[in-house]
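On a predicted model such as this, the values are computed, not experimentally measured, just so you know. Because only heavy atoms are used, hydrogens play no part in the values below, and waters and symmetry mates are left out as well, while side chains stay in. Note that ligands are numbered from 1 as they come in the structure, with each ligand's atoms numbered from 1 the same way.
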Amino acid sequence: MDASNLHSLDKPQAKDLDKCVHCGLCLNACPTYRELGVEMDSPRGRVYQMVQVATGAAQIDDSYREHLGLCLACRGCETACPSGVPYGRLIEAARAEIAVKHPPPFAMRVAYRYLLPSRFNLKLAGTVLWLYEKLGLKSMARSLGLIPKGLRDAEALAPPMEKPFFYESYGKTFPAIGKQKYRVALLGGCIANLSFARLNDATVRVLQRNGCEVVIPASQNCCGALQVHAGMRDEGRALARQNIDAMVDAGYDAIICNAGGCGSTLKEYDELLEHDPQYADKAKRFVAQLKDVNEFLASTDWNKADLKPLPIKLTYQDSCHLSHGQKIRLAPRQLLKSIPGLQLNEMPGSDVCCGSAGVYNVVHTDVSMQILDSKMSNVRKVDAQYIATANPGCMLQLRYGAQKYGTGHEVLHVVEVLDRSYSAGGK
Ligand code: SF4
Ligand code: SF4
């Protein structure tokens with residue numbers, strides 16, 4: 001795309017950049033600044049570099065790409081900033097501008113264009129990976145040392161495939177248990193249909209227990225978050241239009257998402273499509289209906305009567321895009337605390353990124369592992385055998401942390417904890 005044709009939100013806007021008063025109050029909230037100690041890898045430094053490019057004082061060069069590329073887009077700085085700098089919007093816009101001249105790597109473009117949005121291709125890839133695991137080839141490759149040293153962390157982070165894939169539930173409707181109060185649509189995600197299929201099943205069960213008829217719309221697709229974060233906003237827009245067509249104005253009380261990262265992008269479809277005359281209004285209606293599963297349940301008089309005792313000690317890790325992106329912090333804690341016998345012990349810095357950040361842990365594995373090291377040291381400060389969170393990517397990173405540091409924690413999504421409580425005693 002020619003740079004002159006960029007939508008207004010596809011490059012950083014002066015009205016957003018001008019809000020920064022260079023106070024530095026965001027520095028301590030930034031995981032990359034905390035780990036690397038470099039001003040150019042801080043929110044203030046990155047905003048400064050964006051201003052330089054926007055005013056023509058600097059070009060989009062390797063240094064700019066490197067410092068903006070190292071940003072996790074965790075938006076911790078947005079919460080810390082007293083001036084209301086919309087950092088999440090700025091970093092996505094800056095990456096879209098960078099992508100005009102420097103497209104993301106070839107493999108990433110292929111995956112984001114042809115793998116994640118294609119149910120056929122995802123199922124095929126998922127089945128091949130499932131066979132690779134089931135036939136013992138994965139363990140053999142590991143034990144024979146066939147995984148190159150530099151790729152071992154990234155390889156260990158790859159999620160196992162879960163058969164049956166959640167795609168088998170597409171097009172189905174699951175009735176409410178007891179009196180029906182709501183009719184909701186559930187988003188299955190993209191890779192989550194393969195590797196978090198049981199989490200999606202648990203989400204359906206918990207919603208059913210809470211008076212929901214749960215519809216899994218057949219024509220839904222990947223939310224487009226990874227594409228938008230990589231600067232591939234037109235690919236994100238195409239997916240947004242498809243999801244809007246699949247679910248908006250269909251009489252749902254809510255459209256539910258169980259992934260903090262996806263939910264944040266889904267709630268920004270109105271910004272993504274604000275220049276599309278056919279979809280701008282529909283996108284606003286879609287966003288008004290979109291709810292994170294924690295947010296939705298906590299906004300209802302959720303079913304506490306069927307929660308059975310779960311005598312466990314647990315700590316909660318905020319998903320960045322749930323806490324900083326969607327500003328949802330209380331809801332998951334309220335749900336967890338409503339489980340009889342469950343003890344929620346807060347760790348220090350629970351709202352600091354764990355280093356997962358989409359594909360950051362694969363693309364910038366070294367920095368991601370440094371951030372995970374700090375996270376696991378905070379996890380170990382509290383008395384807990386479980387870590388709960390609300391985003392599949394964080395679950396993978398924390399599971400890897402627990403394995404790498406031998407802490408023995410089990411990592412669960414909040415709805416999985418609720419599901420265990422509802423199902424305790426085999427009822
Ligand atoms: S982004 Fe906000 S907190 Fe950070 S330097 Fe600018 S005004 Fe201060
Ligand atoms: S989004 Fe996260 S990593 Fe990026 S500048 Fe803000 S706090 Fe730092």
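No side-chain donor-acceptor contact under 3.5 Å links Ser323 and Asp351. Looking at Asn243 and Gln220, their side chains never bring a donor and an acceptor atom within 3.5 Å of each other.
In summary, the atoms of ligand 1 found under 4.0 Å from a heavy atom of Pro82, numbered by their order in the structure, are 3 (S). Residue-ligand proximity, His22 to ligand 1, at heavy-atom distances under 4.0 Å covers atoms 5 (S), 6 (Fe). Atoms of ligand 1 found under 4.0 Å from any heavy atom of Gly24, numbered from 1 in the order shown, are 5 (S), 8 (Fe). Heavy-atom proximity to Ser83, at under 4.0 Å, picks out these atoms of ligand 1: 7 (S).
Neither the backbone nor the side chain of Tyr33 comes within 4.0 Å of ligand 2, counting heavy atoms alone. With a heavy-atom cut-off of 4.0 Å, Ala73 touches ligand 2 through its backbone alone. Contact annotation: for Arg75 versus ligand 2, heavy atoms closer than 4.0 Å belong to the backbone alone.
The protein heavy-atom contact nearest to atom 3 (S) of ligand 2 is Leu72 N, 3.4 Å. Counting only heavy atoms of the protein, atom 2 (Fe) of ligand 2 lies nearest to Cys74 SG, 2.3 Å. Atom 6 (Fe) of ligand 2 has its closest protein heavy atom at Cys77 SG, 2.4 Å. In terms of protein heavy-atom proximity, atom 8 (Fe) of ligand 2 is nearest to Cys30 SG, 2.4 Å. Arg46 NH1, 3.1 Å is the protein heavy atom nearest to atom 5 (S) of ligand 2.
Taking the six-membered ring for Trp and thresholds of 30 and 60 degrees, Tyr170 and Tyr167 have ring planes more than 60 degrees apart, a perpendicular arrangement.
In summary, an N, O or S atom of Cys71 is located under 2.8 Å from atom 4 (Fe) of ligand 2. Distance check for Cys26 against atom 4 (Fe) of ligand 1: an N/O/S atom falls below 2.8 Å.
In plain terms, the two heavy atoms of Arg46 and Leu70 that are nearest each other are NH2-C, 3.6 Å.
Between Arg95 and Arg233 there is no side-chain heavy-atom pair separated by less than 4.5 Å. Annotation: side chain of Ile387 is not in contact with side chain of Met395 (no heavy-atom distance under 4.5 Å).
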Practice problem: I would like to know whether Lys375 and Asn378 meet side-chain hydrogen bond (donor to acceptor under 3.5 Å, both in side chains); could you show each step before the answer? | Solution: CA-CA 5 Å; Lys375 176 58 60 188; Asn378 278 337; over 6 Å; no

Quiz item: After noting the C-alpha distance and the side-chain angles of Tyr182 and Phe296, does the key distance pass the ring-ring contact (aromatic ring centres under 6.0 Å, His included) rule?
Solution: CA-CA 11 Å; Tyr182 311 100; Phe296 173 76; 5.3 Å; yes

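Of the charged side-chain nitrogens involved, none lies within less than 4.0 Å of a carboxylate oxygen, so that Lys11 and Glu92 do not count as a salt-bridged pair.
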